[in-house]
Amino acid sequence: MVLGRYHHVFFSGLLSVVQGACTRNTTTTNASLPVINLGYECHQAISLNETGGYYNFSNIRYGEPPTGNLRFKAPVEPAIRDKCVVTNGSIGRVCPQSSGNWTIIAREFAQSYLTGLPFKYDLAISTLPDSPDAISGDTRTTEDCLFLDVIAPRSAFAGKASSLPVLVWVYGGGYSSGEKTGKGKFNPAGLLATTGSDSGFIFVAINYRLGAFGWLGNDEVGADGTLNAGLYDQRLALRWVQKYIHLFGGDRDRVTIMGASAGAGSIMHHITSYGGSGEKPAFNQAVLFSPAFLPAPTPDIPTTSFNDLMNMLNVSSLDELRDLPSDTIIAANALQIYSYAPYGSNMYGPSVDNSFAPALPGQLLANGSFHQNISIMVSHNTLEGLTFTKPMIKTTEDYLDMLRQAMPTISNSALSFINNTLYPAVFNGTYGYTNQFQRALATIQDSTIICNTRYLASAMSGRAYGVKFAVPPGIHGEETSYVFQNGKTSDVNQDVADRLQQYIASFVMNSVPSDVNGLYIPLYGSRSQLISMAASGSTIVKDDTANARCAWWQRGLYA
Ligand SMILES: *[C@@H]1O[C@H](CO)[C@@H](O)[C@H](O)[C@H]1NC(C)=O
Ligand SMILES: *[C@@H]1O[C@H](CO)[C@@H](O)[C@H](O)[C@H]1NC(C)=O
Ligand SMILES: *[C@@H]1O[C@H](CO)[C@@H](O)[C@H](O)[C@H]1NC(C)=O
Ligand SMILES: *[C@@H]1O[C@H](CO)[C@@H](O)[C@H](O)[C@H]1NC(C)=O
Ligand SMILES: *[C@@H]1O[C@H](CO)[C@@H](O)[C@H](O)[C@H]1NC(C)=O
Ligand SMILES: *[C@@H]1O[C@H](CO)[C@@H](O)[C@H](O)[C@H]1NC(C)=O
Ligand SMILES: *[C@@H]1O[C@H](CO)[C@@H](O)[C@H](O)[C@H]1NC(C)=O
Ligand SMILES: *[C@@H]1O[C@H](CO)[C@@H](O)[C@H](O)[C@H]1NC(C)=O
Ligand SMILES: *[C@@H]1O[C@H](CO)[C@@H](O)[C@H](O)[C@H]1NC(C)=O
Ligand SMILES: *[C@@H]1O[C@H](CO)[C@@H](O)[C@H](O)[C@H]1NC(C)=O
């Protein structure tokens, strides 16, 4: 039964562009929740949070299903759908995913390490489940996952506010796992409430393809597909924001992108996209927490994963991979990563592709080949490497093996330099470690996470605000529960979480990270200063990543 017809602005004349009518069927839609006409579909909010004062527009499509011929290719904009069907995104969407089985060991090991208890590596290995079902069995999993959520203040729909700034969230998860809501962990309620206003900013959270689906790479993909397809997903979602966010009360000229780990590593690739030429990324500001990726300095390295996947599936070409049923390739991707990813890796991730990523981001930042007109807040933790370092590294031979595996094309001279000069086997504390394990940990966290923050902050020093998240233990990802603190919990240091949220909200709203007491994070500047956020309070310190190690890693000489 079709009843009223109305425009997407059925609350007020606030939103000026009217693209036509949506037809609402009142038997299936809730008249008190707004419907937005996106031109290609009509999308209704699924709920209103009365206390927070915002609507939840959930699971909005931003790309066609990346299946069939579009598998392993850059995504495309949604085609026009039936405007008479109002969708409210009640069906959840999660991209197919997996994680190396070592992530299970890493969690157990971190517990032991931090509490000083002995760890039985062999036992941990022998009790691993055979298959990844336990970790990838989310019923929302589908290749048709290019969706995003918009959390928009009600005031914009009541005629009280318009042109609100926008914060876009990009999850992490090693480029092989993660989803836009983080199973509820990425609830922006607390962050939105920080603005102390019912018309603070709009929060957008995006999905992007993972594992083989987003990051499959080799010559064949380069020729008849898209290397780094996951980056193109993110870019399409950002273009969606440019095109449609005004319909939700947002200002497309005030977009901040925020990510953690792989999310922040991705943002680094957007900042350095096409070496700074070509289309400017569709954001003005970025917040990067522990930007992470395993440097793949040439497009050849991912070839191994590609070949192994084809062998697993008994196919011999990209076309055959495209012809496989969704379930088959979803299962293969899950099993491949779970059972074969070496410790610390999830097999897939961004690689140099001579196009979107013309060189490693650090190299591009070093010589000015990046998009200049972007301000950043960039942060790292103190013990990033703990959950990526194999517990069993006990000798220099183990250490060298780890390096050779992580950097398959490394030259002997680079290997010797790392081994003898940069991270020598001297364990009296002079070099920041007292055993081989800690030596490996330092090497991993510098080369894959911490130094990335230095490359960014030093290249953009006049527009960069640095943070060191120094709440013990400071393991990778620990800051995320601070960023998304929602109400009082005992899981986080409340004071630090409050201040971190204030910095983020202030940066989004006013482009300057300040807490409610007016304490600003200073610009990074030529003095390399950042704010160290500890349980005992915040202090301005010199960035300790302004060192010879990061300077060496930045040159990419291990390729
Ligand atoms: C969302 O749409 C579904 C399917 O049309 C419907 O069953 C459900 O009631 C809707 N939810 C809300 C909150 O309107
Ligand atoms: C319609 O949505 C409003 C706001 O979320 C809610 O209070 C109300 O219960 C919903 N009504 C129905 C019939 O679902
Ligand atoms: C609704 O908003 C309030 C206030 O910010 C928040 O405490 C609450 O957790 C939110 N509810 C949900 C379901 O997210
Ligand atoms: C929005 O609604 C979806 C679907 O119900 C839910 O998964 C998500 O957590 C909600 N987001 C917020 C911020 O409440
Ligand atoms: C730089 O970005 C700001 C907004 O963040 C914009 O107003 C300004 O025009 C941009 N300048 C250039 C040279 O692109
Ligand atoms: C792989 O494909 C070949 C050729 O179609 C076939 O002979 C072989 O039995 C297949 N092997 C497996 C394990 O499916
Ligand atoms: C776990 O992964 C390793 C590779 O890092 C592999 O050698 C081992 O067989 C895997 N174990 C299981 C149970 O999948
Ligand atoms: C910057 O470095 C990259 C990678 O080493 C190189 O491809 C590019 O040509 C350099 N650009 C400039 C302007 O020096
Ligand atoms: C690594 O360093 C050790 C001394 O700590 C030395 O014995 C070994 O030859 C070095 N190996 C390489 C490849 O540099
Ligand atoms: C640590 O060992 C190195 C190499 O043996 C030595 O040069 C240095 O003085 C020692 N430092 C301390 C604090 O003992």
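Each ligand, and each atom within it, is numbered from 1 in the order the structure gives. Keep in mind it's a predicted model, so treat the numbers as computed, not measured.
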Item to check | Close approach, Pro129 and ligand 7, non-hydrogen under 4.0 angstrom | outcome: yes
Checklist entry - Does some side-chain heavy atom of Phe57 sit less than 4.5 Å from a side-chain heavy atom of Ile151? => result no
Next on the checklist: For the OH atom of Tyr482 and the CZ atom of Phe289, what is their distance to the nearest 0.5 Å?
Outcome noted: 12.5 Å
Checklist entry - Nearest to atom 9 (O) of ligand 4, what protein heavy atom do you find, and at what distance? => result Thr181 CG2, 4.3 Å
Checklist entry - What do we get for Ile46 next to ligand 4 when only non-hydrogen atoms under 4.0 Å count, side chain, backbone, both or neither? => result side chain
Checklist entry - Should you measure from each heavy atom of Ser339, which atoms of ligand 7 turn up under 4.0 Å away? => result 1 (C), 2 (O), 3 (C), 4 (C), 6 (C), 8 (C), 10 (C), 14 (O)
Checklist entry - Does some side-chain heavy atom of Gln501 sit less than 4.5 Å from a side-chain heavy atom of Phe484? => result no
Item to check | Within-4.5 Å side-chain heavy-atom neighbours: Pro66 and Pro75 | outcome: no
Checklist entry - Got a second to check how far Ile60's CD1 is from Glu41's CD, nearest 0.5 Å? => result 7.5 Å
Item to check | Atoms of ligand 7 close to Asn101 [distance to a heavy atom under 4.0 angstrom, numbered from 1] | outcome: 1 (C), 2 (O), 3 (C), 8 (C), 10 (C), 11 (N), 12 (C), 14 (O)
Checklist entry - About how many Å separate CG of Leu210 and SG of Cys95, when rounded to the nearest 0.5 Å? => result 5.5 Å
Checklist entry - Looking only at protein heavy atoms, which one is nearest to atom 4 (C) of ligand 4, and how far off is it? => result Ser58 OG, 3.6 Å
Checklist outcome for this item: In terms of its nearest heavy atom to atom 1 (C) of ligand 10, the top option of Thr430, Asn428, Val426 is Asn428
Item to check | Non-hydrogen atom of Pro188 closer than 4.0 Å to ligand 4 | outcome: yes
Next on the checklist: Would Tyr338 count as a contact residue for ligand 7, given that I'm defining contact as a non-hydrogen atom of the residue lying under 4.0 Å from a ligand atom?
Outcome noted: yes
Checklist entry - Hey, what's the ring geometry for Phe186 with Trp169, parallel, tilted or perpendicular (30° and 60° as the breaks)? => result perpendicular
Checklist entry - Does Asn419 reach the side chain of Arg439, with side-chain heavy atoms less than 4.5 Å apart? => result yes
Checklist entry - Just checking, is any N or O donor in the side chain of Arg140 or Asn59 under 3.5 Å from an acceptor N or O on the other one? => result no
Checklist entry - Is there a nitrogen or oxygen of Ala341 sitting under 3.5 Å from a nitrogen or oxygen of ligand 7? => result yes
Checklist entry - Would you say Tyr340 has any N or O atom under 3.5 Å from an N or O of ligand 7, going by distance alone? => result no
Checklist entry - Can you tell me the protein heavy atom closest to atom 2 (O) of ligand 4 and the distance? => result Asn56 ND2, 2.3 Å
Checklist entry - Which one holds for Ile151 and ligand 4: side chain close, backbone close, both close, or neither close, with close meaning a heavy atom under 4.0 Å? => result side chain
Checklist entry - Going by atom types only, do Ser197 and Thr195 share a side-chain donor-acceptor pair under 3.5 Å? => result no
Checklist entry - What atoms in ligand 7 come closer than 4.0 Å to a heavy atom of Pro342? => result 5 (O)
Checklist entry - Could any protein non-hydrogen atom be found less than 4.0 Å from atom 7 (O) of ligand 10? => result no
Checklist entry - When rounded to the nearest 0.5 angstrom, what distance separates CG in Leu400 from CD in Gln405? => result 13.0 Å
Next on the checklist: Tell me whether atom 11 (N) of ligand 10 lies less than 4.0 Å from at least one protein heavy-atom position.
Outcome noted: yes
Checklist outcome for this item: Numbered in order shown, the ligand 4 atoms found under 4.0 Å of a heavy atom of Asn187 are 13 (C)
